[in-house]
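All remarks here apply to the structure that follows.
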Amino acid sequence: MKKELPKTYNMEEVENKWRKIWAKEKTYEFNYDAKRPLYIVDTPPPYVSADHLHAGHIMSYSQAEFIIRFKRMRGYNVFYPMGFDDNGLPTERFVEKKYNIDESKITKSEFVKICLKETEKGAERYRKLWNDLGISVDWSKTYSTISPVAVKVSQRSLIDLWKKKVLYRKESPVLWCPSCQTAVAQADLEDKESDSKMNYISFKTAKGKDLTIATTRPELIPACVALYVNPKDARFKNLIGEKAVVPLFNYEVPIKASDEVDAELGTGLMMVCTWGDQDDLDKWRTDNLDTRALIEEDGTLRKLGGKYQGLKLLEARERIIDDLKNQGCLIKQEELTHTVNVHERCGVPTEFILSKQWFIKITDMEDVWLKRGKQLNWYPGYRFKDYELWVKSIKWDWCISRQRYYGVPFPIWYCSKCEEPIFARDEDLPVNPFEDKPPVKKCPKCKGTKFIPEQDVMDTWATSSCTPFLLRELVSGKAKDKLFPATLRANAFEIIRTWDFYSIVKSHYNFNTIPFKDVMISGHGFDEKGKKISKRLGNYVSPDTLLKKYGADAIRYWATGAGLGQNLRLNIEEFKKGKKTTIKLWNVAKFLEMNIDDFKLSKENIAFEFADIWIMRELNEAIEKATNDFEQYEFAKARNEIDSFFWSKFTDYYIEFIKYRFFSDDQKSKKAAQQTLLIIFYSILKMFAPILPFVTEEIYQQFFAEMEEAKSIHLSLWPEQIELKNVSDVSDFDSAIQAIDEVRKYKSESGISLGAQLDEFELETKIDMEKYGEFVRKVVRVDKLFF
RNA sequence: GGGCGGUUGGCACAGUUGGUUAGCGCGUCUCGUUUACACCGAGAAGGUCGGGGGUUCGAAUCCUCCACCGCCCACCA
C-alpha cells in the first residue's frame, strides 16, 4: 500500500514518535533464545551525581551503541542493560555541596537518604538523555551500584576473595585524603602542579659534625627515622653507621646507605620520614625503620608532633620553619614548582597515615595481569599499552575500604574481644552489618559473644568491578549462566587503570576467567577549540539544547566522526551535515514514492540495464567495506563508506541516470529502474540505521516494513551483497560516467542549464558508443554525440 | 625521565601492506529553479603532507633525530 509522505521531514515529531513506540513495543528488550548468538554489553554505569552532562558523554555512549545496533542487525541477540553508579564519594561530595551539609551535624542515615534521593534524580536525567538519543538499552534491565542486587554481588565477591586468601586487613601506612578523611587507592590519585619551597636544614651528627638535608616537607621532621646517603658518595660515605641528631626534637636517628640515593639531588643527604612519599615507604619497609605515625586522620599532627600537636600540616610547616630559623638551623630556601599527588575527587594532596584497612592483593602479579590483559581484544590495539603501563607501575595492593557513609557496606562484623572478622553467609546477602546480626553467636576464635559491625564502606570500584557478573543477575531462567563473561566492555581511556583493570582482577580471582572479550576504548569529547570539556571551564552546551536544535540523528552522526579511540571536537558543521543527511534520505524517499507504485521486490526476471548493474556492484563494495569496518569497531570508517556511496554514487549519479527512464514508455526499463532503486535504497537505509536510527525507522515503516517480518528496521538483518550472475559486463562503465561529467562541465562552464537540451556534442572521452551512447545522450540531454 | 596519540589546502578530517597528477566535507569563487531535495545541483580555485637526515627506482606512508599540541605514568631528598 502506498502512503503519502509529508513534504518536509519533521525531525522533532518523528524522533518523538519513535522514542515512544520503541519504549511501548519494547523493541530492544532482551529475550533469551538459544538459537541466536549472544552479544553482551557492559557499558559504564555513569555517576549520576555528574550534574554537567555534555557532548562528551553523548559521544562515548553513542559510539558503543553504533556497534551494538550493528551487531543486533547482524543477527546477534543483544543483551544491553544500563547501570547507574550512585554510590561512593562523588555522590557524597555532590550532596554535601548542593545542600551545604555539615556531616558532623547530620545522622548517617539522614545523609544516606539524601544521597539516595539525589541519585534517583540523576539517574532519571541520564535515562532521559539516553532515551532522547535513541540509545537502544533494554530499560527493563537496569541496576544501580547501590541497589540490593549490586550489594549482594559485591559482597559475595568479597567473601569469595577472603576464602581465596587474597583479601586481608592490615594496619599499615595507607594513602589518605585528609579532606575526605578516607583511605584512597593508588588509582584515585591525580597529579597537580604546585608551588613550594625547598628548605635546606642543618642536622648534626651525634659527634657534632654539621650536615645539611634538603626537604619540601619540613613539617615531617618529627617523624624523621633515618638519613640516607649513597655509599659511593665520597662526601658522606664515612658517615654510614653513625647517628644524626634531629633538630628541634633532639633525638638520634641512624645514617644509612642506599644505592637509590642520588648524590646529585638536593644535598645528597636524604631524610626519611614516616611517611612523606614512596621512597619513605620503601625504605621503611625494606630496612625495618621505626614507625613514628605523625599525621592524624584530619590532617593535623598527632602527639608525636610535640609542641606542634594539633596543628594542620601547613601551619606546622610554617611554625617549624620559624623555629628552625630562630635556632639558626634553616640555611636557605629555594622556590620550586613540583607535582604532588592529589585525590582526584577533591584535589587535596594526599598523605600517608597509619590505619587499618582492607586490601586485595594485586602486587607482585604483573605476569598474571598482563596475561589476562592479552586475552582481551583491545580496540584500538594500542590502548593495551595504557593497561600494560599501569600494571607495571602498581606498587600497592588495592585498598578497598573507605571511611565514608554512602556506599556498599562490608559484610563483616568483628569480635569485640579479639577482633576476629566474621563474614556473612552467602544465603543472607545482601547484609548491612549495622542492621543485621552476624551469622554466629560466639566468636569461633575466642568464644566472645559481642560483635561490632565494620564501619567502612567499599571503594566504588570494588563494586563497579563486579558489573560483568552483575549483569546476569538482572535476568532469570536459563539465560543466566550464559551471560558471563560479557562480550563488549566500552569505556573511555582514563578508566582503563580502574574499571577495566579491577574488573579483570575480580573475574580472575572469583571465576578464573576474563570479564569480557572485547574492550572498546573511546576518546574524549572536546570543545570547538580542542579543549577538554570540563565543568570548571564551562565550555559546554547542554545536550538537551543540542538535541532540540539538531535532533538525535544529527548528533549521533557527529559522534561517528572520531576514529576509534581518538578525541573528537564539538563541531556544529558536523551536526548540520548529519541533519542534511537525514533530510536527503527523506527526499530520496519522496523520490521513490513518486516513481514507484508498488513497494515490493519482484520475483520475475528483471532486465537490468548497465546503470543498474553498475550501482549494484558499487553497493556490494560499499556493503563489504562498511561491514568490515563495523566488525573492527571502526564506525568512523564505516560511516564514511556509507556516506560516500549514498551521496557520490547513489544520489549524484544513479538517480540522475534513471530519471529519463521514468518519463519514457519503456515499461521494462522503468521496472528495472524501480526495482534497482528499491534494492539500493533499502540497503542504504539499513546501513544508516545504526547511526541514524530515527529517520531510517520512519522511512522503513512507510515503505519497507511490509516487505519484511521485522517490526522495526533495527530488528531487521544487515544487508547482504547482491548476487550478480549472468549480467552484462560494466567494468568500463566509468568511461560513460566520465563522458557525462564532461558534458556537465561544458554546460556548467558555458552557463547552460544542465536541463537544457543540446543538439550535438563532441566528446573527448572515448566511450563504447554502441553500448553506452544512448544512455549518455539521454542522461545529459544531447541529441547527437560524436567524437 | 619513560610511554601513548596527534601535527596533511582557511577550518575540521580520510589516506589501507610505500607506487601513477595527495582525497572528502565545510568555507570561498563562478554558474544553474534539471518534475526528490536551494537543508539542491554542476564546475573552479586552494595543500607537496610539522622540521632535518636516512632507506628506496619511488615515501604523507618505513627508519632516525628534533619541535609543537594533547594525554598517561614515574620522580622531585
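Just so it is clear, the model here is predicted, and its values are computed rather than measured.
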### Message
Using OP1 and OP2 only, check whether a side-chain N or O of A:K395 sits under 4.0 Å from B:C75.
### Response
yes
### Complement of B:C40, any strand, by Watson-Crick or G-U distances under 3.5 angstrom
B:G32
#### Entry: Nearest to side-chain heavy atoms of A:S748, which nucleotide of B:C71, B:U35, B:G43
B:G43
### Query
CG of A:L592 versus P of B:C37: gap in Å, rounded?
14 Å
### Message
Measuring only the C1' atom in each nucleotide, how far is B:G52 from B:C57? A whole number of Å is fine.
### Response
24 Å
#### Entry: Complement of B:A14, any strand, by Watson-Crick or G-U distances under 3.5 angstrom
none
### Task
Determine which nucleotide pairs with B:U7, using a 3.5 Å limit on both distances of a Watson-Crick or G-U wobble pair.
B:A67
### Message
In whole Å, measure the gap between the C1' atoms of B:U28 and B:C11 for me.
### Response
12 Å
### Message
Roughly how many Å apart are B:A22 and B:U8, using the C1' atom of each and rounding to a whole number?
### Response
9 Å
### Message
Whether A:K637 contacts B:G15 is assessed here as follows: a side-chain N or O lying under 4.0 Å from the phosphate OP1 or OP2. Is that the case?
### Response
yes
### Message
Judged by each residue's nearest nucleotide on RNA chain B, which is more toward the 5′ side, A:L269 or A:S648?
### Response
A:S648
### Query
What interatomic distance, in whole Å, is found between P of B:G6 and the corresponding atom of B:G41?
33 Å
### Query
Is A:F591 stacked on the base of B:C37, with ring centres under 5.5 Å apart and planes under 30° apart?
no
### Query
B:C37 base to A:K584 side chain: any donor-acceptor pair below 3.5 Å?
yes
### Task
For the side chain of A:D277, starting at C-beta, report the closest nucleotide among B:C39, B:C76, B:A36.
B:C76
### Ring centers of A:Y9, A:W586 separated by less than 6.0 Å
yes
### Summary
Which of B:A36, B:A44, B:C72 is nearest the side chain of A:N587? It is B:A36
### Query
Between B:A12, B:U35, B:C4, which nucleotide gets closest to the side-chain atoms of A:N571?
B:A12
### Query
Are the ring centres of A:F66 and A:F630 closer than 6.0 Å?
no
## Note on the structure
Among the nucleotides B:A44, B:G41, B:A14, whichever has the atom closest to the side chain of A:N640 is B:A14
### Query
Does a side-chain N or O from A:K747 land closer than 4.0 Å to OP1 or OP2 of B:U34, or not?
no
### Query
Rounded to the nearest Å, what distance is computed from the OH atom of residue A:Y746 to the C1' atom of nucleotide B:G32?
15 Å
### Message
In terms of relative ring orientation, are A:W378 and A:Y387 parallel, tilted or perpendicular, with 30° and 60° separating the classes?
### Response
tilted
### Query
Are the aromatic ring centres of A:F688 and A:F646 under 6.0 angstrom apart?
yes
### Query
Which base sits across from B:G1 as a Watson-Crick or G-U pair, both distances under 3.5 Å?
B:C73
### Query
Given the P atoms of B:C40 and B:G27, what is the spacing between them in whole Å?
9 Å
### Query
So, is A:K659 close to the B:G41 phosphate, meaning a side-chain N or O under 4.0 Å from OP1 or OP2?
no
### Query
Between B:G32 and B:G51, how far is it from one P atom to the other, in whole Å?
42 Å
## Note on the structure
Per atom distances to the A:K577 side chain, the nearest of B:A14, B:G25, B:C76 is B:G25
### Message
Please report the distance separating the C1' of B:U17 from the corresponding atom of B:A59, rounded so that it comes out in whole Å.
### Response
14 Å
### Task
Indicate whether OP1 or OP2 belonging to B:G25 is found under 4.0 Å from a side-chain N or O atom of A:K580.
no
### Query
Is A:K283 positioned over the aromatic face of A:Y228, cation under 6.0 angstrom from the ring centre and no more than 45 degrees off axis?
yes
### Message
Give me the distance, rounded to whole Å, that separates B:C75 from B:A12 when you measure between the P atoms they each carry.
### Response
37 Å
### Task
Choose from B:G43, B:C26, B:C4 the nucleotide whose nearest atom is closest to any side-chain atom of A:Y382.
B:C4
### Query
Taking the six-membered ring for Trp, are A:Y502 and A:W398 parallel (under 30°), tilted (30 to 60°) or perpendicular (over 60°)?
parallel
### Query
Mind checking whether A:F599 and A:F704 have parallel, tilted or perpendicular rings, split at 30° and 60°?
perpendicular
### Task
Side chain of A:R497 only, please: which of B:G32, B:C72, B:G43 is the nearest?
B:C72
